[in-house]
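To start, the structure itself, in structure tokens.
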Amino acid sequence: MSIHPSAIIEGGAEIGRGCKIGPFCHIGPDVRLAEGVRLHSHVAISGDTSIGEKTEIWPFASIGSQPQDLKFEGEPTKLEIGARNMIRESVSINPGTRGGGGITRIGDDGLFMLGTHVGHDCQVGNGVVVANHASLAGHVELGDGVVIGGLAGIHQFVRIGEGAIIGALSMVVADVIPFGSVVGERPKLSGLNLVGLKRRGIPKAEISVIRAAYKELFDGKEPMKARAQEMIQNSENAMVREILEFILSDSKRSFCTPATK
């Protein structure tokens, strides 16, 4: 491993093989860095925080510091960050709180661009991209492969399903279905994330099935959950079923839906 002489590593911290810790970094006593983690410089990591192998963190990131929750009273909570994440300059990521389950989790292979924020008790999947200065409030859930545009804000307790995309400057206050696309200041669901589906290698025929299910789900007159309950009885496509199960699962928010005609 390589540790710059100006870095502060407190007693009890665990530093894996091949880690590179640059100048003026501060690593707290309960931090665990897996093999090959790289901290460029001026990175502060505190709390009960674990960071997976080959994750790279750029200057002035604040990882694991006290959650921004007035109810927090210093109780022991955790932050878990997976492998091969890229955490860019001035990113902040907070641990959990007692009221939110006590842990913030981030999966593998994510990109968190400059100035992004991941609030307490968030549950973030694999391969997520959060663009510059976007913020996730507390208790947000992001599925695998979600893309959040720059300066977007995600309201507390919102769930964003796998493969969804959120446009820049959007303020999302309701759940977004898997593979959905939302754009706007108070965004409506604008369709499916077709670009994302194609990038995942989903065949055209299967995309057509998903589009047909989307149309059926949102074009009917009965309540959306009632339509989803009816559709799931006959749906055999795994991605369609994922959308329907997302709608039928418990949530503390409403849903982003298409604009009314």
Using atom types as modelled, flag every donor-acceptor pair under 3.5 Å from a side chain in residues 78-87 to any protein atom, sequence neighbours excluded.
residue: Arg84; atom: NE; partner: Asp109; partner atom: OD1; Å: 2.8
residue: Arg84; atom: NH2; partner: Asp109; partner atom: OD2; Å: 3.2
residue: Asn85; atom: OD1; partner: Gly110; partner atom: N; Å: 2.7
residue: Asn85; atom: ND2; partner: Gly82; partner atom: O; Å: 3.1
residue: Asn85; atom: ND2; partner: Gly107; partner atom: O; Å: 2.9

Check residues 113-124 and write down every donor-acceptor pair under 3.5 Å in which the side-chain atom is one partner and the other belongs to a residue at least two apart or another chain.
residue: Thr116; atom: OG1; partner: Met113; partner atom: O; Å: 2.9
residue: His117; atom: ND1; partner: Ser92; partner atom: O; Å: 3.4
residue: His117; atom: ND1; partner: Ser92; partner atom: OG; Å: 2.7
residue: His117; atom: NE2; partner: Gln68; partner atom: NE2; Å: 3.3
residue: Asp121; atom: OD1; partner: Thr97; partner atom: N; Å: 2.9
residue: Asp121; atom: OD2; partner: Thr97; partner atom: N; Å: 3.2
residue: Asp121; atom: OD2; partner: Thr97; partner atom: OG1; Å: 2.6
residue: Gln123; atom: OE1; partner: Arg105; partner atom: NH1; Å: 3.2
residue: Gln123; atom: NE2; partner: Ile103; partner atom: O; Å: 3.0
residue: Gln123; atom: NE2; partner: Asp121; partner atom: O; Å: 3.4

Donor-acceptor list for residues 162-173 side chains, cut-off 3.5 Å, not counting sequence neighbours:
residue: Glu162; atom: OE2; partner: Arg200; partner atom: NH1; Å: 3.3
residue: Glu162; atom: OE2; partner: Arg200; partner atom: NH2; Å: 2.6
residue: Ser170; atom: OG; partner: Gly167; partner atom: O; Å: 2.9
residue: Ser170; atom: OG; partner: Gly184; partner atom: N; Å: 3.2
residue: Ser170; atom: OG; partner: Gly184; partner atom: O; Å: 3.2

Compile the donor-acceptor pairs under 3.5 Å between side chains in residues 231-239 and protein atoms, sequence neighbours left out, one pair per line.
residue: Gln233; atom: NE2; partner: Gln229; partner atom: O; Å: 3.2
residue: Asn237; atom: OD1; partner: Met239; partner atom: N; Å: 2.9
residue: Asn237; atom: OD1; partner: Val240; partner atom: N; Å: 3.0
residue: Asn237; atom: ND2; partner: Glu206; partner atom: OE2; Å: 3.2

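In this structure Phe255 satisfies the ring pair (Phe, Tyr, Trp, His ring centres under 6.0 Å) test with no other residue, sequence neighbours excluded. Taking Glu14 as the reference, nothing meets the salt bridge (Lys or Arg N to Asp or Glu O under 4.0 Å) condition, with sequence neighbours excluded. Looking at residues two or more places apart in sequence or on another chain, you find a ring pair (Phe, Tyr, Trp, His ring centres under 6.0 Å) between Phe157 and His139. Every residue was checked against the salt bridge (Lys or Arg N to Asp or Glu O under 4.0 Å) condition with Lys225, not counting sequence neighbours, and none meets it. With sequence neighbours excluded, the residues that form a salt bridge (Lys or Arg N to Asp or Glu O under 4.0 Å) with Glu245 are Arg241. Remark: Asp144 pairs with no residue by the salt bridge (Lys or Arg N to Asp or Glu O under 4.0 Å) rule, at least two apart or across chains. By the side-chain contact (heavy atoms from CB on, under 4.5 Å) test, Ala34 pairs with Glu53, sequence neighbours left out.
A distance of 6.0 Å separates CG of Leu192 from CD1 of Ile177, quoted to the nearest 0.5 Å. Note that the CG atom of Asp69 and the OG1 atom of Thr77 stand 10.0 Å from one another [nearest 0.5 Å]. In this structure, Ile57 CD1 and Arg88 CZ are separated by 12.0 Å, a value rounded to the nearest 0.5 Å. Here Lys204 contributes atom NZ and Arg211 contributes atom CZ; the two are 11.5 Å apart, rounded to the nearest 0.5 Å. How far SG of Cys25 is from CZ of Arg38: 10.5 Å, rounded to the nearest 0.5 Å.
Closest non-hydrogen pair, Gly180 versus Asn193, comes out as O-CB, 3.7 Å. Nearest heavy-atom pair across Val43 and Trp58 is CG2-O, 3.3 Å.
Applying the salt bridge (charged side-chain N to carboxylate O under 4.0 Å, His left out) test to pairs two or more places apart or on separate chains, those with a residue in residues 174-187 are Arg159-Asp175.
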